[in-house]
Amino acid sequence: MAEGIRDKVAIVGMGCTRFGERWDCSAEDLMVEAFEEALADANIERDRIEAAWFGLSSDDQGPGKSALSLSTALRLPNIAATRVENMCATGTEALRGAVYGVASGAYDVALALGVEKLKDTGYGGLPERTKGTFEDLWFPSVTAPGSFAQFASSYVEAHGIDMEQLKEAMAHVSWKSHENGAKNPKAHLRKRVDKDKILNAPMIAYPLGLFDCCGVSDGSACAIVTTPAIAEKLVGEGPMVTVKSMQLALSNGSEIGFDGWDGSYALTTRLASQRAYREAGIENPREELDLIEVHDCFSVTELVTMEDLGLSKPGEGWRDVLAGTFDADGEVPCNLDGGLKCFGHPIGATGLRMVYEIYLQLRGQAGDRQLDTPKLGLTHNLGGFPNKNVCSISVIGTC
């Protein structure tokens, strides 16, 4: 395996908008809001940024297909800027571009920013007119809730558990997220919800009820990265935050043909996390990770992800969830900021929003959510459907 990027890049500044129904703001307004926080946090001048990567998924509803809107809105100094899109991993893909740009030696300082403005469409779900010719032909009526509902049914079948047990565990996932989100002023949804209300909510796609599904929102998040040598001169009080690993795995068709795949897990998450652990030097993730941010587009996704990340044994994730293992005061706190459940999912921003929470925690700046001296965190994105998806894993820690 190649040497990798472990500790070759430091994150010196991050910014994140409040997520929600930001009717008063354009996408460009949100970009500026996140960028100005990151720039002030990094304590550098705008002209020191040498390259930028722009994460935007829904270009038809947003600022367009190129990165010109980023360069224009932020008044960047006529530098290289690239627009990237990789489904729900789009924000992390922007960060990966900036991190690799610095790690390669091509740039000293780089910017990653993601944004999405979804509420203006007035559409209840993700505003996609088409997912492409293949999807239109093979999955003409596919929906995200329906696809992940099948994920839940396959999990129950594969592990021989009762659906009511799984629903109880899924309710705990959603309850936990709302408990955490209530403490976060930047979350879209900030009300606590009791488990009975979650369990008795209207059904969206059996067994997924209303509170098992994340919402749609507007938001932006931003990161400024550089070399550790430069970061030493910029970082004030508190530890330096470095990138330990970034890995990406995409489906190759084996799951969609059910070629040995039983539908109860995300193959790409298992592969990407294994690679990320090797690159970061992690041997026992449950013992070594202090916190995680995972892609809880649906409550069952978070539950299964615990197993795919190696934090729970196969078929035991639901037990660990109910035992409080991933609660704020548990062994491996998950989605301390409220996750997609409380932030919604402005696709281009989500991956960077996750890293923002890890960054705040490592720097000791997470306010009421702050853990006691965490040193290592992980983020996980899963874009697409269980049988055809993109998975990104990032490990961020102190140095």
Side-chain angles (χ1 to χ4, degrees), residues 1-2 4-14 16 38 53 55 84 86-103 110-114 221-226 228 240-250 266 268-282 285 288-296 302 305-306 308-311 332-337 339-340 343 345 347-363 374-383 389-399:
M1 184 176 178
I5 58 169
R6 182 179 178 184
D7 291 332
K8 293 182 178 180
V9 179
I11 302 175
V12 290
M14 289 204 73
C16 182
W53 278 261
V84 297
N86 215 348
M87 302 186 84
C88 300
T90 295
T92 309
E93 190 74 354
L95 180 61
R96 194 167 72 102
V99 166
Y100 277 40
V102 170
L111 170 77
L113 185 144
C222 179
I224 297 173
V225 299
T226 187
M240 181 190 301
V241 176
T242 61
V243 178
K244 306 295 183 180
S245 66
M246 298 193 79
Q247 291 290 335
L248 190 68
L250 278 71
T268 54
T269 298
R270 294 186 177 188
L271 296 174
S273 60
Q274 290 166 10
R275 296 169 190 164
Y277 294 151
R278 285 198 299 270
E279 186 175 28
I282 294 173
E288 295 178 57
L289 290 172
D290 295 308
L291 72 159
I292 58 175
E293 287 280 317
V294 306
H295 204 87
D296 58 322
E302 178 176 327
T305 297
M306 299 302 100
D308 293 340
L309 291 176
L311 302 173
V332 188
C334 178
N335 291 348
L336 281 167
D337 61 355
L340 277 74
F343 270 81
H345 185 21
I347 308 166
T350 291
L352 280 160
R353 184 269 300 164
M354 292 176 170
V355 175
Y356 179 75
E357 178 65 18
I358 303 293
Y359 174 81
L360 291 180
Q361 291 283 349
L362 296 177
R363 294 279 293 162
K375 292 181 172 57
L376 195 65
L378 173 146
T379 70
H380 159 271
N381 292 119
L382 189 73
N389 61 69
V390 174
C391 178
S392 64
I393 302 286
S394 302
V395 179
I396 312 295
T398 54
C399 186

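Predicted model only: the values in this text are computed from it and were never measured. FYI, the numbering just counts along the sequence from 1.
Across every non-hydrogen atom of Ala98 and Ala112, the tightest pair is CB-CB, 4.0 Å. When all heavy atoms are compared, the tightest approach of Ala110 to Trp53 is CB-CZ3, 4.1 Å. Of all heavy-atom pairs spanning Gly114 and Ala349, the tightest one is O-CB, 3.6 Å. Shown here for Ala249 and Ala272, the closest heavy-atom pair between the two residues is CB-CB, 3.8 Å.
To the nearest 0.5 Å, the span separating CD1 on Ile358 from CD1 on Ile292 amounts to 8.5 Å. The structure places CG of Leu111 at 12.5 Å from OG1 of Thr226, a figure rounded to the nearest 0.5 Å. Interatomic distance, Thr269 OG1 to Asn389 CG, rounded to the nearest 0.5 Å: 6.5 Å. Note that OG1 of Thr92 and CD of Gln247 are 13.0 Å apart. Values are rounded to the nearest 0.5 Å. Here Tyr356 contributes atom OH and Met14 contributes atom CE; the two are 8.0 Å apart, rounded to the nearest 0.5 Å. We find the NZ-SG distance between Lys375 and Cys399 to be 13.0 Å, quoted to the nearest 0.5 Å.
In terms of modelled atom types and a separation under 3.5 Å, the side chain of Lys244 and the main chain of Leu378 share no donor-acceptor contact. With His380 contributing its side chain and Ile393 its backbone, the two residues share no donor-acceptor pair below 3.5 Å. Asn335 contributes no side-chain N or O that, together with a main-chain N or O of Leu340, makes up a donor-acceptor pair within less than 3.5 Å. Of the possible donor and acceptor atoms, one in the side chain of Tyr277 sits under 3.5 Å from a partner among the backbone N and O of Leu309. Between the side chain of Asn381 and the backbone N or O of Cys391 there is no donor-acceptor pair closer than 3.5 Å. Under a 3.5 Å cut-off, the side chain of Glu279 and the backbone N or O of Ile5 do form a donor-acceptor pair.
Put simply, the side chain of Met306 reaches to within 4.5 Å of the side chain of Val294, judged on heavy atoms. With contacts defined as side-chain heavy-atom distances shorter than 4.5 Å, the pair Met87/Leu382 does not qualify. Here the side chains of His295 and Cys88 are in contact, with some heavy-atom distance below 4.5 Å. The side-chain heavy atoms of Arg96 and Ser392, taken from C-beta on, include no pair separated by under 4.5 Å. The closest side-chain heavy-atom distance from Gln361 to Ile396 is not below 4.5 Å. Using a 4.5 Å cut-off on side-chain heavy atoms (C-beta onward), Leu248 and Asn86 make contact. Using a 4.5 Å heavy-atom threshold, the side chains of Thr242 and Val9 count as separate. Taking 4.5 Å as the limit, every side-chain heavy atom of Asp337 sits out of range of all side-chain heavy atoms of Leu360.
A salt bridge between Glu293 and Arg353 is present, with a side-chain N of the basic residue lying under 4.0 Å from a carboxylate O of the acidic one.
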Worked verdict on Val390 versus Thr268 for side chain to side chain contact (heavy atoms under 4.5 Å, CB included): CA-CA 7 Å; Val390 174; Thr268 54; over 6 Å; no

Derivation of the side chain to side chain contact (heavy atoms under 4.5 Å, CB included) call for Val243 and Val395: CA-CA 6 Å; Val243 178; Val395 179; over 6 Å; no

Steps toward side chain to side chain contact (heavy atoms under 4.5 Å, CB included) verdict (Val99, Met246): CA-CA 9 Å; Val99 166; Met246 298 193 79; 4.0 Å; yes

Verdict with reasoning, Asp308 to Arg270, per salt bridge (charged side-chain N to carboxylate O under 4.0 Å, His left out): CA-CA 5 Å; Asp308 293 340; Arg270 294 186 177 188; 2.9 Å; yes

Val332 and Leu291: CA distance, side-chain angles, deciding distance, side chain to side chain contact (heavy atoms under 4.5 Å, CB included) verdict: CA-CA 5 Å; Val332 188; Leu291 72 159; over 6 Å; no

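Checking Thr398, Leu289, Leu336, Asp290 one by one against Pro374, the side-chain contact (heavy atoms from CB on, under 4.5 Å) holds for a single residue, Asp290. A side-chain contact (heavy atoms from CB on, under 4.5 Å) with Val225 holds for exactly one of Val241, Leu95, Val12; it is Leu95.
Residue pairs meeting the salt bridge (charged side-chain N to carboxylate O under 4.0 Å, His left out) criterion with at least one member in residues 390-399, sequence neighbours excluded, do not occur.
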